[in-house]
Trainee: 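The structure follows.
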Amino acid sequence: MPVPSRPAVPATAAWRAGDPVGRRQFADLGPFALESGGRLPAVRLAYETWGTLNEDGTNAVLVLHALTGDSHVIGDADEAHPTPGWWSSMVGPGAPIDTDEWFVVAPNVLGGCQGSTGPASPAPDGRPWGSRFPLLTVRDQVAAEVRLADLLGVDTWALVIGASMGGLRVLEWAASEPHRVEAFAAIATAAQTSGDQIAGFHTQLAAIAADPRFRDGDYYDAADGDGPHVGLGLARQIAHQTYRSAYELDERFGRIPQGGEDPLEGGRFAVQSYLDHHGDKITRRFDANTYVTLTRSMITHDLGRDRGGVEAALASITARGLVIAVDSDRLFPPAQSERIAAGVPGAGPVRTVHSDYGHDGFLIEEDQVGRHVSEFLNESVRVR
Ligand SMILES: CC(=O)SCCNC(=O)CCNC(=O)[C@H](O)C(C)(C)COP(=O)(O)OP(=O)(O)OC[C@H]1O[C@@H](n2cnc3c(N)ncnc32)[C@H](O)[C@@H]1OP(=O)(O)O
Ligand SMILES: N[C@@H](CCO)C(=O)O
């Protein structure tokens with residue numbers, strides 16, 4: 001049986017930078033000097049807020065998304081273009097982070113493609129930055145979020161919370177702005193990306209670079225309008241395997257052929273079809289250059305850079321900390337959480353989420369993660 005052909009989807013088909021979606025707002029934050037020595041002449045962050053900042057400013061919570069997330073933490077049913085929120089189980093009225101109590105802010109990361117300044121944004125000459133977009137570090141991303149906090153009148157966050165790539169920024173906030181972070185929750189994340197992580201990220205970058213439609217990042221004005229969807233999809237497939245555990249892929253899919261296909265005649269196993277699906281899906285909602293920019297920021301992430309090393313940086317954190325690991329996570333293995341918890345004086349022991357799913361457990365095991373966050377808020381982060 002022949003392998004079914006899949007439709008080619010331009011990587012730029014479904015989203016447009018700066019396109020307002022629902023309740024999203026934009027903050028213009030001016031020029032930025034970057035850690036690498038580069039410069040962005042104008043930075044804009046897209047963000048959403050829920051709840052109300054109290055008079056003392058003591059109830060602010062910053063939620064930081066992972067690699068392909070955005071500001072849309074809570075879904076909106078009545079939008080013109082409804083989109084589900086990626087953490088509606090965690091944030092909302094009556095949720096662990098209860099928006100009747102907390103003022104919640106969620107920005108789209110600097111370098112992102114959901115309204116914040118990124119490689120698809122116009123450079124000073126009016127054309128998209130593309131290959132000219134400067135190297136961004138996690139510190140640059142947090143520096144932009146600091147300016148957003150200034151603009152919103154938030155002096156101190158009661159809690160800064162995030163998982164995976166969001167957790168990298170959580171730790172950077174706690175280390176670089178100790179007087180502005182009362183407590184943090186770092187979930188399935190690391191103080192420094194490891195050789196294994198850098199290797200995995202490298203192959204994802206190579207997959208995008210190898211797509212002739214990538215054109216070194218200058219594909220926005222391509223005459224055929226076609227983006228590097230093949231490379232981006234392949235990068236997502238490589239990544240997605242690390243988001244799930246070997247146990248799950250084997251138990252769930254094993255060697256079952258995809259319906260109607262025969263692997264001995266060129267067809268796929270179900271797990272191949274599953275990865276194809278996730279690879280295709282990302283190209284409908286994400287920009288390849290942003291994927292490259294954010295992946296590079298994860299590669300360079302090192303909380304200890306210019307701070308005397310990771311342990312010294314962790315020891316300098318004054319905030320109370322909640323550290324959560326997923327026991328089956330092969331992307332951010334629990335040892336990286338142990339290192340954070342051991343190093344931060346105000347962090348308790350690692351809270352373990354038991355999951356068969358792997359790294360994506362931070363999204364899937366909402367009851368367990370929610371319970372840990374609720375407990376931490378109740379015990380350590382009450383509104384003063
Ligand atoms: C911060 C942020 O988190 S970013 C925003 C949220 N994250 C993402 O979107 C990342 C990508 N998605 C995921 O990682 C996961 O889907 C999660 C974590 C969101 C949800 O996990 P799960 O509920 O376990 O979903 P699962 O991994 O099984 O994927 C389900 C999809 O696979 C499809 N699928 C399942 N089996 C097959 C198969 N054999 N062939 C093809 N497709 C398949 C399902 O139809 C479903 O498609 P849909 O998502 O288009 O409806
Ligand atoms: N599913 C998550 C995985 C990375 O943490 C994302 O796409 O952002």
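The residues of the chain are indexed from 1 along the displayed sequence. Counting starts at 1 for both ligands and their atoms, in listed order.
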Trainee: Minimum distance, heavy atoms only, to atom 5 (C) of ligand 1: which one of Trp86, Phe362, Tyr243, Trp87 is it?
Mentor: Trp86
Trainee: Quick one: does ligand 1 sit under 4.0 Å from the side chain of Tyr274, the backbone, both or neither, non-hydrogen atoms only?
Mentor: both
Trainee: What protein heavy atom lies closest to atom 33 (C) of ligand 1? Include the residue and the distance to one decimal.
Mentor: His277 CD2, 3.6 Å
Trainee: Between Gln204 and Tyr291, is the side chain to side chain donor-acceptor pair (under 3.5 Å) condition met? List the steps.
Mentor: CA-CA 9 Å; Gln204 295 168 45; Tyr291 196 96; 2.6 Å; yes
Trainee: Taking the basic N atoms (NZ, or NE/NH1/NH2) and the acidic carboxylate oxygens, is any pair closer than 4.0 Å for Arg139 and Glu172?
Mentor: yes
Trainee: Show the numbers, then the answer: is there a side chain to side chain donor-acceptor pair (under 3.5 Å) between Asp70 and His65?
Mentor: CA-CA 6 Å; Asp70 52 36; His65 66 76; over 6 Å; no
Trainee: Nearest protein heavy atom to atom 13 (C) of ligand 1, by residue and atom, and its distance?
Mentor: Asp360 OD2, 3.6 Å
Trainee: Parallel, tilted or perpendicular: which one describes the rings of His359 and Tyr243, with boundaries at 30° and 60°?
Mentor: tilted
Trainee: From the options Gln272, Glu261, Arg236, select the one whose nearest heavy atom is closest to atom 11 (C) of ligand 1.
Mentor: Arg236
Trainee: Between Arg147 and Phe32, is NZ or CZ placed under 6.0 angstrom from the six-membered ring centre and within 45° of the ring axis?
Mentor: yes
Trainee: For atom 30 (C) of ligand 1, what's the nearest protein heavy atom and its distance?
Mentor: His278 NE2, 4.0 Å
Trainee: Is it the case that the side chains of Glu48 and His72 hold a donor-acceptor pair, with the cut-off being a distance below 3.5 Å and no angle test?
Mentor: yes
Trainee: Do the charged groups of Arg180 and Asp150 touch, with an N to O distance under 4.0 Å?
Mentor: yes
Trainee: Applying a 4.0 Å heavy-atom criterion (strictly less than), which segment of Arg285 is in contact with ligand 1: side chain, backbone, both, or neither?
Mentor: side chain
Trainee: Can you confirm, on distance only, whether ligand 1 has an N/O atom lying under 3.5 Å from any N/O atom belonging to Tyr357?
Mentor: no
Trainee: Residues around ligand 2, heavy atom under 4.0 Å from any ligand atom, sorted by chain and number. Can you pull those?
Mentor: Ala66, Leu67, Thr68, Ser164, Arg236, Tyr243, His359, Asp360, Phe362, Leu363
Trainee: Output yes when a side-chain donor or acceptor of Glu101 lies under 3.5 Å from a complementary backbone atom of Asp98, and no otherwise.
Mentor: no
Trainee: At less than 4.0 angstrom from any non-hydrogen atom of Lys281, what atoms of ligand 1 do you find?
Mentor: 48 (P), 49 (O), 50 (O)
Trainee: Between Phe214 and Tyr219, how do the two ring planes meet: parallel, tilted or perpendicular, split at 30° and 60°?
Mentor: tilted
Trainee: Taking non-hydrogen atoms only, is Thr68 closer than 4.0 angstrom to ligand 1 via side chain, backbone, both or neither?
Mentor: both
Trainee: Do the side chain of Arg236 and the main chain of Leu275 share a donor and acceptor less than 3.5 angstrom apart?
Mentor: no
Trainee: Could you tell me if any non-hydrogen atom of Arg268 lies under 4.0 Å from any atom of ligand 1?
Mentor: no
Trainee: For ligand 1, is there an atom lying under 4.0 Å from some heavy atom of His359?
Mentor: no
Trainee: In terms of residue, atom name and distance, what is the protein heavy atom nearest to atom 25 (O) of ligand 1?
Mentor: Arg244 NH1, 4.3 Å
Trainee: Would you mind listing which atoms of ligand 1 come within a distance below 4.0 Å of any non-hydrogen atom of His240?
Mentor: 13 (C), 14 (O)
Trainee: Quick one: do Glu311 and Arg339 make a salt bridge, cutoff under 4.0 Å?
Mentor: yes
Trainee: Taking distance alone, with no angle check, do His65 and ligand 1 share an N/O pair under 3.5 Å?
Mentor: no
Trainee: Under the side chain to side chain donor-acceptor pair (under 3.5 Å) rule, what do Glu182 and Trp157 come out as? Steps first, then yes or no, please.
Mentor: CA-CA 6 Å; Glu182 293 272 330; Trp157 298 104; over 6 Å; no
Trainee: Identify, for atom 19 (C) of ligand 1, the protein heavy atom at the shortest distance, and state residue, atom and that distance.
Mentor: Leu363 CD1, 4.4 Å
Trainee: When you look for heavy atoms under 4.0 Å from ligand 1, do you find them on the side chain of Asp70, its backbone, both, or neither?
Mentor: neither
Trainee: Answer with side chain, backbone, both or neither: which part of Arg252 has a heavy atom less than 4.0 angstrom from an atom of ligand 1?
Mentor: side chain
Trainee: Would a search of protein heavy atoms around atom 40 (N) of ligand 1 find one under 4.0 Å away?
Mentor: yes
Trainee: Using the rule given for side chain to side chain donor-acceptor pair (under 3.5 Å), can you reason through Asp216 versus Ser131, listing the C-alpha separation, both sets of side-chain angles and the distance that settles it, and then say yes or no?
Mentor: CA-CA 6 Å; Asp216 293 328; Ser131 63; over 6 Å; no
Trainee: Check each of Val381, Val323, Ile324, Ile161 against Phe376 using the side-chain contact (heavy atoms from CB on, under 4.5 Å) test, and report the only one that passes.
Mentor: Val381
Trainee: Against Val61, only a single residue in Val105, Val91, Ile97 fulfils side-chain contact (heavy atoms from CB on, under 4.5 Å); can you say which?
Mentor: Ile97
